[in-house]
Engineer: 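Sharing a structure with you now.
For clarity, every value in this text was computed on a predicted model and none was experimentally measured. Both ligands and their constituent atoms are indexed starting at 1 by order of listing.
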Amino acid sequence: MTETLRAVRGMNDVLMDETPTWQVVEDAARRVLDAYAYREIRLPVLEFTELFKRSIGEVTDIVEKEMYTFDDRNGESLTLRPEATAGVVRAAISNGLTHNQRHKVWTSGPMFRREKPQKGRYRQFYQIDVEAIGYQGPDVDAEMILMSARLFRELGLPNIELQLNTLGTAAARAVYRARLIDYFERYRGDLDDDAKRRLHSNPLRLLDSKNPALAGIIAEAPTLTADLDTESRDHFDALTALISDAGIAFVVNPRLVRGLDYYSRTVFEWVTTALGSQGAVLSGGRYDGLYEQLGGKSVPAIGWAAGVERLVGLYQACHEQKLAFQPHIYIVAVGQAALRYAMQLAERLRTAISGLSVEVNFDGGSFKSQLKRADKSGAPWALIIGENELNEQRFGLKPLRSDDGQQTVDETQLINLLTSLPMGGAMAMNQ
Ligand code: ATP
Ligand code: MG
């Protein structure tokens, strides 16, 4: 295959057999976000490179080696967004949304990171991202977790474990940093290059390393618990009480620090073992310092992001039946006059019944071959129009998925019958 006919490595086509599952996931997310009164915001996929350097942090995998960065024709450095939070913060500041206002928003779309592609890890991947701007918590922190739990429940995804931690305030982290540096210095010889390089600039990041060789050292590393300030401790206790009220189980993972630099206090991650090594399904946390860091005034905020590919993968792992798109009715039209009539009838049906999916047989074919196509379309019904049917204005309605016999119906009867069908959301029905 020539170069131009290959997709870029790590960037996937999501084909028609897969999109129904994506739609189910996205529709469920939309319903859940509506249920908590979060409003949608749509943002560009390109931002100035500087935005990500200043928010995510220079000493991170993303900024050091994973961003798709290029110079625009006027020389400005632009980057395809590797995550959504920075863009939301930028948009909130540049649109003046933080002046005596608070907002609960969500957004979704593709993110770009030049990682090593593997199952559940791609270079273009999709996220659903939720942010509460101007809220101090811990009530909103709990809501973040409640809504993610509800999303999993709606999708029928069991066995996703909630891990929780608190990173305290910047002051508490400064003390902790020093302790971490001391600790890791003792194992300097065992550290990989990334870890060595970050040891002094960003020691917390070492806890987030995916290098299995470091797992033992990381497991023994000191935790922040001892350095935690009283307010952060109270915040965390209030949060866990609210989550417990909701009956949501969690484990406190004192080594959960999250991959990005800007978190403070609450951090959480929902993890599963059902997706192999790509176990993080949804992760989030509080980032009270980020607005100021980006040149705005101080605004407390918290958010989460879920990987859509991972939700889709989990959905497929948890549900045997594969979702497929299928029209409700396929019109078999034999002969030119029948086709002309069929196209008009199909328009009338679409007008009469909102949500109805009608496919008309195109490019002719014998009755038998048209019925074959009807069957392949997945439609539960075929409507048969030939010369006789046209003359009598009564059509054959043939069930394609049951042994029930064919009936003869006029247009009114057809509409009544189709109206009584369960329409189902977005046509994604179980086969
Ligand atoms: P991981 O630990 O798997 O690298 P992360 O900590 O980098 O994830 P975040 O930056 O917090 O992830 O992004 C939120 C979610 O986006 C993750 O929980 C995951 O579901 C998804 N995600 C992150 N990176 C990728 C990727 N390269 N491909 C697919 N999904 C991803
Ligand atoms: Mg990552």
Engineer: Name the option, out of Arg113, Arg310, Glu309, Lys210, that contains the heavy atom nearest to atom 2 (O) of ligand 1.
Structural biologist: Lys210
Engineer: In ligand 1, which numbered atoms sit nearer than 4.0 Å to a non-hydrogen atom of Gly307?
Structural biologist: 15 (C), 16 (O), 20 (O), 21 (C)
Engineer: Based purely on interatomic distance, does Ala306 place a nitrogen or oxygen under 3.5 Å from a nitrogen or oxygen of ligand 1?
Structural biologist: no
Engineer: Could you see which bit of Arg121 sits under 4.0 Å from ligand 1, with heavy atoms only: side chain, backbone, both or neither?
Structural biologist: both
Engineer: Are Glu131 and Tyr287 linked by a side-chain donor-acceptor pair shorter than 3.5 Å?
Structural biologist: yes
Engineer: Report the part of Leu282 (side chain from C-beta onward, or backbone N, CA, C, O) that has a heavy atom under 4.0 Å from ligand 1; answer both or neither where that applies.
Structural biologist: backbone
Engineer: With sequence neighbours left out, which residue pairs that include part of residues 99-128 fulfil the ring-ring contact (aromatic ring centres under 6.0 Å, His included) condition?
Structural biologist: Trp22-Tyr126
Engineer: Could you please spell out the steps behind the salt bridge (charged side-chain N to carboxylate O under 4.0 Å, His left out) verdict for Asp182 and Arg186?
Structural biologist: CA-CA 7 Å; Asp182 276 355; Arg186 286 193 264 140; over 6 Å; no
Engineer: Less than 3.5 Å between some nitrogen or oxygen of Phe125 and one of ligand 1, yes or no?
Structural biologist: no
Engineer: What do you reckon, does Gln278 put a non-hydrogen atom under 4.0 Å from ligand 1?
Structural biologist: no
Engineer: Is any side-chain heavy atom of Tyr135 less than 4.5 Å from a side-chain heavy atom of Ile302?
Structural biologist: no
Engineer: Checking the N or O distance criterion of under 3.5 Å, is ligand 1 in contact with Tyr122?
Structural biologist: yes
Engineer: Measure from atom 13 (O) of ligand 1 to every heavy atom in Gln127, Arg123, Arg114, Gln118 and give the option owning the shortest one.
Structural biologist: Gln127
Engineer: Quick one: does ligand 1 sit under 4.0 Å from the side chain of Glu83, the backbone, both or neither, non-hydrogen atoms only?
Structural biologist: neither
Engineer: Give a yes or no on whether the backbone of Thr266 and the side-chain of Arg286 come within a donor-acceptor separation of less than 3.5 Å.
Structural biologist: no
Engineer: Just so I know, are the side chains of Glu64 and Val59 near enough to count as touching, which here means a heavy-atom distance under 4.5 Å?
Structural biologist: yes
Engineer: Check Leu164, Leu242, Leu146, Thr240 against Ile248 for a side chain to side chain contact (heavy atoms under 4.5 Å, CB included) and give me the one that passes.
Structural biologist: Leu146
Engineer: Who pairs with Arg121 by salt bridge (Lys or Arg N to Asp or Glu O under 4.0 Å), at least two apart in sequence or on another chain?
Structural biologist: Glu115
Engineer: Taking only non-hydrogen atoms of Met111, do any sit less than 4.0 angstrom from ligand 1?
Structural biologist: no
Engineer: Under 4.0 Å between a side-chain nitrogen and a carboxylate oxygen: does that hold for Lys116 and Glu66?
Structural biologist: no
Engineer: Within ligand 1, which atoms have a heavy atom of Ala305 less than 4.0 Å away?
Structural biologist: 14 (C), 15 (C)
Engineer: Check each of Gly10, Gly313, Gly120 against atom 29 (C) of ligand 1 and report the one with the nearest heavy atom.
Structural biologist: Gly120
